[in-house]
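Report on the following structure.
Residue numbering restarts at 1 for every chain, and letters A, B, ... go by the order of the sequence lines.
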Number of protein chains: 2
Amino acid sequence: MTRMPVEQRRAALVEATLAVVERDGLAGASARAIVTEAGMPLGALHYAFASLDDLLAAAAAAVTEQERLAVQHLLAAPGAGLEDALAAGLSAYVDLLAARPARELAFLELTLQASRSRLGDPPAPGGYAPALALMAELLAAAAAAAGVRWREPVDALARHAVAMLDGITTTWLADHDTDAAHATARFLARALAACVTAPEG
Amino acid sequence: MTRMPVEQRRAALVEATLAVVERDGLAGASARAIVTEAGMPLGALHYAFASLDDLLAAAAAAVTEQERLAVQHLLAAPGAGLEDALAAGLSAYVDLLAARPARELAFLELTLQASRSRLGDPPAPGGYAPALALMAELLAAAAAAAGVRWREPVDALARHAVAMLDGITTTWLADHDTDAAHATARFLARALAACVTAPEG
DNA sequence: TCTCAAGTTGGACGACCGTCCAACATGAAG
DNA sequence: CTTCATGTTGGACGGTCGTCCAACTTGAGA
C-alpha cells in the first residue's frame, strides 16, 4: 500500500470494520474480512493495531462518537412546543433506525462487545460520556428554544433519553414494529416534557 | 451418555449454552465449549440440533421466556401507591442487573444475534411476545392493586416498559453507574404512573 | 548513483472451528 | 444366548481463524 500516516490507516481500518460489522455482523468481522474491505494487505492490521481486539475496541469507541452524532440534527424542530419538538426528534431517530437497521445493530454489537471486556472493571465512567454530553446539549437547546427550564439536571435526563433510545432500538430490532417504536418515542417525549417548569417562568 | 429423551437433551444443551455465553460471551459459545459444559460428547449437539446456529436460536428463544420470568416477582410491592410500587419493581431489576451483569449481557448478546438473523424478514411479530404479555400482566396487576385504571392500552405501555428495561441494561453495562440506573428506573415509574386515571375513579 | 533504515507485504504456522460418519454400545425381540 | 435396529460416540476432515516474520519496496541522505 502507498505510504500513509499510521493515524489515517487506523481511521480507515475502523471505518472498514464498521462496514463489515454492518454487513456481516460481529461474527463476520475477521481480520481478513476487514482488511479486504479496506483494500489493504493482511499485514496492515497488525501494523496499525496490536491485535484484532484492539481494532474492534477502537471501532466501538468510534461508534459512540459517530452514531450519536447522526442524531444531532434530529432535534432541529421549528418553534413548536417542547414536547412536540422532542417527539419529532425521537421519531426521526426511529425512522433512521427503520431505514438502516443493520447499522444500529452493528453499533449495538460493538458496544456490547466493549461492555463485556469491561465487565470486571472498577467504577469505569466509560466511553458513553460523549453520547451523554451530546444529548445533554440537545436537551438544553430544546428547552431554551421552547422558553422553558428543566426541573432536573440535564445530565440525568440525558441519560434517561440515551437509555430509552437504546431500548427503542433493541425492541424494534426484535419485532420490527415501527408504529410501536414511534409510540414509545412519543411516550418518552411526554415523560421528558413533564420535567420542565412552566413556559417563560 | 446414558439414554435420555431428545427433548431433555435439547433442554440441557440450551441451559449449557446460556451458561457458556454468560461466562465467555457469544464468541466463546463454540460447539465444543457447549457440549463440555453440558458434560456431553461432541456428537450430541448434532444429534439434538441440526446445527450450532439452531441451538443458539433455541437458546435465544428460551431467554425471552426465562429472563423476563425472573422479573415476575419484582412487582410484588405491598399496598404502596402505584408509582412507588412500579419504582420498587424496576429498581429491583436494577439490583438484579448490578448483581449479575454477565447474565443480562448474555441475554442481550443472544437476543441481538437472533435479531440479526431476522433482519431481512417480513413483518415478523417475533419472539418478544411472551415478554410483552408478561409485562402487560404485571402492569395490569399493579394498577388493579393500586385501585386505578390505565388510560392507554396496557400492551402499548408494556412495550414502553420492556424497551426501557433494555435501555437501562445496555446503559448500565456501558457505565456501571448503578445510582443513575436507579434514577432512570424512577423516571420510568413516574412516566408510567402518569398514564392512569385518578385513584378509585 | 549507491546505501540503508523504515515502511510494507503476503505467505506460513499452529490452533480451533462446525460438521460429518464409521464404529461402538445398548437393550428389546427371537 | 444371539440378533439386530436404534441410540450414541469421538476421531477425522476441510476450512478459517489471529498472529507472526522473513522478504520485499521505498525514498531520503551520503
Side-chain angles (χ1 to χ4, degrees), chain A residues 1-62 106 109-110 112-114 116-117, chain B residues 1-62 106 109-110 112-114 116-117:
Chain A
M1 175 132 286
T2 64
R3 292 296 176 96
M4 196 174 177
V6 184
E7 191 103 1
Q8 184 178 345
R9 218 172 248 273
R10 290 174 57 97
L13 282 170
V14 164
E15 193 176 359
T17 300
L18 297 181
V20 169
V21 175
E22 176 173 349
R23 189 189 341 110
D24 304 321
L26 189 59
S30 68
R32 285 167 179 81
I34 293 171
V35 295
T36 299
E37 175 79 23
M40 292 183 189
L42 179 55
L45 196 157
H46 286 85
Y47 170 69
F49 291 90
S51 71
L52 176 63
D53 280 341
D54 275 22
L55 171 53
L56 293 178
E109 285 176 320
L110 284 168
L112 248 60
Q113 152 118 336
R116 176 166 289 279
S117 72
Chain B
M1 174 132 286
T2 66
R3 293 296 176 94
M4 196 173 178
V6 184
E7 192 104 0
Q8 184 177 346
R9 218 173 248 273
R10 290 172 57 96
L13 281 170
V14 164
E15 193 176 358
T17 300
L18 296 181
V20 170
V21 174
E22 177 173 348
R23 188 186 348 107
D24 304 322
L26 189 57
S30 69
R32 285 166 179 81
I34 292 172
V35 295
T36 298
E37 175 77 23
M40 293 184 190
L42 179 55
L45 195 157
H46 286 83
Y47 170 69
F49 291 90
S51 71
L52 176 63
D53 280 340
D54 275 22
L55 171 53
L56 292 178
E109 285 175 320
L110 284 169
L112 248 62
Q113 153 116 337
R116 175 166 289 278
S117 71

In whole Å, I'd like the distance from the [atom1] atom of [X] to the [atom2] atom of [N].
X: Ile34(A); N: dT19(D); atom1: CD1; atom2: P; value: 11 Å
X: Gln8(B); N: dT8(D); atom1: CD; atom2: P; value: 11 Å
X: Leu55(A); N: dC17(D); atom1: CG; atom2: P; value: 15 Å
X: Leu42(A); N: dA22(D); atom1: CG; atom2: C1'; value: 15 Å

Once you round to the nearest 0.5 Å, how far does [atom1] of [X] lie from [atom2] of [Y]?
X: Leu52(A); Y: Ile34(A); atom1: CG; atom2: CD1; value: 5.0 Å
X: Leu45(B); Y: Arg10(B); atom1: CG; atom2: CZ; value: 10.5 Å
X: Leu110(A); Y: Leu18(A); atom1: CG; atom2: CG; value: 6.5 Å
X: Leu55(B); Y: Phe49(B); atom1: CG; atom2: CZ; value: 5.0 Å
X: Asp24(B); Y: Glu37(B); atom1: CG; atom2: CD; value: 8.5 Å
X: Leu112(A); Y: Leu26(A); atom1: CG; atom2: CG; value: 9.5 Å

Q.
Is any side-chain heavy atom of Glu109(B) closer than 4.5 Å to one of Arg116(A)?
A. yes
Q. Between Leu13(B) and Tyr47(B), is any pair of side-chain heavy atoms under 4.5 Å apart?
A. no
Q) Looking at residues 22-33 of chain B, who's got a heavy atom less than 4.0 Å off DNA chain C? A)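 Heavy-atom contacts with DNA chain C come from Ser30(B), Ala31(B), Arg32(B).
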Q. Among residues 46-54 of chain B, which residues get a heavy atom nearer than 4.0 Å to DNA chain C?
A. His46(B), Ser51(B), Leu52(B)
Q. Between Arg9(B) and dT8(D), is there a side-chain N or O to OP1/OP2 distance below 4.0 Å?
A.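 Yes, such a contact exists.
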